[in-house]
Amino acid sequence: KTALQHKKAKGEKTGGDVPFGFDLDEGGRLRENENEQKALRLMKSLKEKGYSLRAIGRELEKEGITTKKGKSTWNPKTLSAILKRAA
């Protein structure tokens, strides 16, 4: 547990998938992905305006923004997880 906290404090990946908005650099550290960061800002903005998760997904699809895995459709559960992680 302490080792994971240490890695997280250093900005290193601690397991699982690379979170939306970030990429891994050569050293295994997370670095911001500017295009995904723009998409995150859009997601947050739409959520603040009262858009539902489905409506946010439709807006992202209209803008041609794909998921981390390159899918063109957004699942509300995926958006929920991304927004909770980004909060």
Any chance you could measure [X], atom [atom1], to [Y], atom [atom2], to the nearest 0.5 Å?
X	Y	atom1	atom2	answer
Ile65	Ser72	CD1	OG	12.5 Å
Leu30	Asp25	CG	CG	8.0 Å
Arg85	Leu40	CZ	CG	9.5 Å

Inset, instruction - Could you pull out all residues at least two apart from Phe22 that satisfy ring-ring contact (aromatic ring centres under 6.0 Å, His included)? - result: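 Phe22 satisfies ring-ring contact (aromatic ring centres under 6.0 Å, His included) with no residue once adjacent residues are dropped.
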Legend entry - Main-chain N/O of Phe20 paired to Glu36 side chain as donor or acceptor, under 3.5 Å: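 Side chain of Glu36 to backbone of Phe20, a donor-acceptor pair under 3.5 Å: no, none is there.
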Inset, instruction - Give a yes or no answer on whether the side chain of Asp17 reaches the backbone of Pro19 with a donor-acceptor pair at less than 3.5 Å. - result: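 Not at all, since once roles are kept as given, no pair shorter than 3.5 Å links the two residues.
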Inset, instruction - Only one of Lys68, Lys44, Met43 passes side-chain contact (heavy atoms from CB on, under 4.5 Å) with Ile82; say which it is. - result: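 When side-chain contact (heavy atoms from CB on, under 4.5 Å) is applied between Ile82 and each of Lys68, Lys44, Met43, only Met43 qualifies.
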What pairs of donor and acceptor atoms, side-chain ones from residues 46-64 against any protein atom, are under 3.5 angstrom apart with sequence neighbours left out?
unit_1, atom_1, unit_2, atom_2, d
Ser52, OG, Ala55, N, 3.1
Glu59, OE2, Lys62, NZ, 3.1
Glu61, OE2, Trp74, N, 2.8

Inset, instruction - With the side chain counted from C-beta on, respond yes when Val18 and Asn33 share a heavy-atom pair under 4.5 Å apart, and no when they do not. - result: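 SC-SC contact between Val18 and Asn33 ruled out.
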